[in-house]
Amino acid sequence: MHMSDALTMADRSLRLSRRNTDALITALVLPVMLLLIFVYFFGGAIDTGTRYVTYVVPGVLILCAGFGSSNTATAVTEDLKGGIIDRFRSMDIGGAPILAGHVLASTARNLIATTLVLGVAFAIGFRPAATLPGWLAALAVLLAFILALSWLSATVGLLANSPEAAGGFTFFVSFLPYPSSSFVPTDTMPTWLRAFADHQPITPVIESLRGLLLGQPVGNTPWLALTWCAAILTLSATLSGALFARRTSR
Amino acid sequence: MPSPPAIQATALYKSYGSLPVLRGIDLHVPPGTVFALLGPNGAGKTTAVRILATLTAPDAGTALIAGHDIRTHRREARRCLSLTGQYAAVDEKQTGAENLRMMGRLAGLSRREARARAAALLARFDLTDAADRQVGTYSGGMRRRVDLAAGLVRDPEVIFLDEPTTGLDPRSRKEMWDVVRELTARGTTVFLTTQYLEEADRLADRIAVLHEGRVVAEGTAAMLKSRVAGHRLDLTVTSREAYLRLTSSLPATATATATAATHRSPETLTLGIPTDGSAHHVRTLLDELDPHHTEIESFVLRGATLDDVFLTLTRPANSPQDPTHAHV
Ligand SMILES: Nc1ncnc2c1ncn2[C@@H]1O[C@H](COP(=O)(O)OP(=O)(O)OP(=O)(O)O)[C@@H](O)[C@H]1O
Ligand SMILES: [Mg+2]
């Protein structure tokens, strides 16, 4: 795979998402709205031991990353609908640069949304205690999470038969952060749910993000998070390669 | 050394599940010529094009594109060909110029070369004024042109066009024909599929008719026309009852059994039957079809058209006397 092909494809994908006004507004406005809803609607009722805005920002970042990454599935199915993949393949551009382009574009979109959410969060009282290395580590974890979910989402796009079906994935992913410590401490949950919440991949991601941003000790949680992300990424990249060949070469 | 054929296919087979789509296709296309693959809906035209353009692997058989085997030297083959498929392969949300620059970059051009190439192609396809508009706002003809232009960023030796004029109005169709002629004038080989006989007749040096997975006829338009009886006897009958009786009883008559009505026009009560044009054959046909000399009002003898060839050759096997286009 030539890196320049992947960059050309990412450029294309970003241009297409810039012109999809509805999706663009949703991708930027929804995260901020979620933040405001959590802080002002639920924040008063939930006691987490810290200021709720500070507790919840990492969770909102994860929620937005999941939601933003899942748009990759729709973009991939849109591509499969028309004749453009045939044209790319006849130019000897394979699945890897096409999917990598979508994933890179998704990452860029997500980082913009993340910046926006952090900006608003600061404005309404988010005061993290992180040092510079803490910030960088948190960013690395978040980036790994976005990459993994975007590639997983691209894989789902190859499995789905229509953009609408791919949209169902958005729904699923946006629910995954709820049974975790994203919004409420897990010890408030019933035992069976807590067992799931404590062991699902989002929990180490959120725990390390929160720990790093709040300057608390995190132990090996970030490594656990990165391992989860690497596993999802490897699995998705392998699976998507096979799926792409199956979907396009019939 | 003579240059290799632009396309040389041998015994291509392809099935989808239990549905055999291609059952042994051989094709030979010399460089710099236009070749038309003709066939009704579902004949397997797109399947054949996708195999030749290296996008689908055949179950058996292979093909050489400019001498490169599509199975063992796919990359080299791809370097020599371009495909403009049946469904648009440009982004509606990008402008014409953006689409072409992207294709240029993917073809390995530098940013600046891609820009120049895009501008040149837009000018050549008369799209300079629309260059900065999103393709979604283009007319059908403009879309087809930008789609074709996108396939030309690399100046391929062999160009595949899958139904390039389907859905275009007569003027846009003529423009597309001019583009194809211009391409061959530069020495490019064009392989196109079409459902329009007129298009094949006007454009193609050679034509192959694809039917039920096989090439049932191959040659120049003139050769194909001589494959059928050569003439067509158009009969106009006196009443609707007579028309219905004749169209349904036609199979039973001796002289007409080997043939069939290749043309039917219920509105004008006219049906056309292939004939060699000899007085003897025409007289026998008239006598057999209308023994009491009351039902046939008038007749006209015409030279066979490519339509007749097509309908004769692509008659479904299970209903030999009922051409697919019978009720048009
Ligand atoms: N990927 C596929 N999976 C299953 N069946 C397929 C596939 N592609 C084509 N077919 C079947 O193969 C047959 C030939 O299809 P093909 O698209 O090659 O025909 P065509 O001549 O291009 O038709 P049209 O004029 O409608 O474009 C059809 O019956 C079609 O349903
Ligand atoms: Mg087709």
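Computed over heavy atoms, backbone and side chain alike; hydrogens, waters and symmetry mates excluded. Note on naming: letters A, B, ... go to the chains in the order of the sequence lines (proteins, then strands), and numbering restarts at 1 for each one.
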Neighbour count above 12 (heavy atom, 6.0 Å) for B/R124 CZ:
yes
Is it true that a side-chain atom of A/R89 and a backbone atom of B/L55 form a donor plus acceptor pair closer than 3.5 Å?
yes
Under a 4.5 Å heavy-atom cut-off, does chain A meet the side chain of B/Q134, its backbone, both or neither?
side chain
Relative to chain A, which segment of B/A107 carries a heavy atom at a distance below 4.5 Å: side chain, backbone, both, or neither?
both
Could B/R79 and A/D92 be called an ion pair, given the rule that one side-chain N must be under 4.0 Å from one carboxylate O?
no
B/L106, B/D147, B/L83: which one forms the most heavy-atom pairs within less than 4.5 Å of chain A?
B/L106
Heavy-atom distance under 4.5 Å between the side chains of B/R78 and A/M91, does that happen here?
no
Can you tell which part of B/R101 gets under 4.5 Å to a heavy atom of chain A, answering side chain, backbone, both or neither?
neither
So for B/A150, is it side chain, backbone, both, or neither that comes closer than 4.5 Å to the heavy atoms of chain A?
both
Any donor-acceptor pair under 3.5 Å linking the side-chain atoms of B/T84 with those of A/R87?
yes
Using heavy-atom distances under 4.5 Å, tell me whether B/F160 contacts chain A through its side chain, its backbone, both, or neither.
neither
Should A/D11 and B/M102 count as side-chain neighbours, where that means a heavy-atom distance under 4.5 Å?
no
Could you tell me whether B/K93 and A/E78 have a side-chain N and a carboxylate O separated by less than 4.0 Å?
no
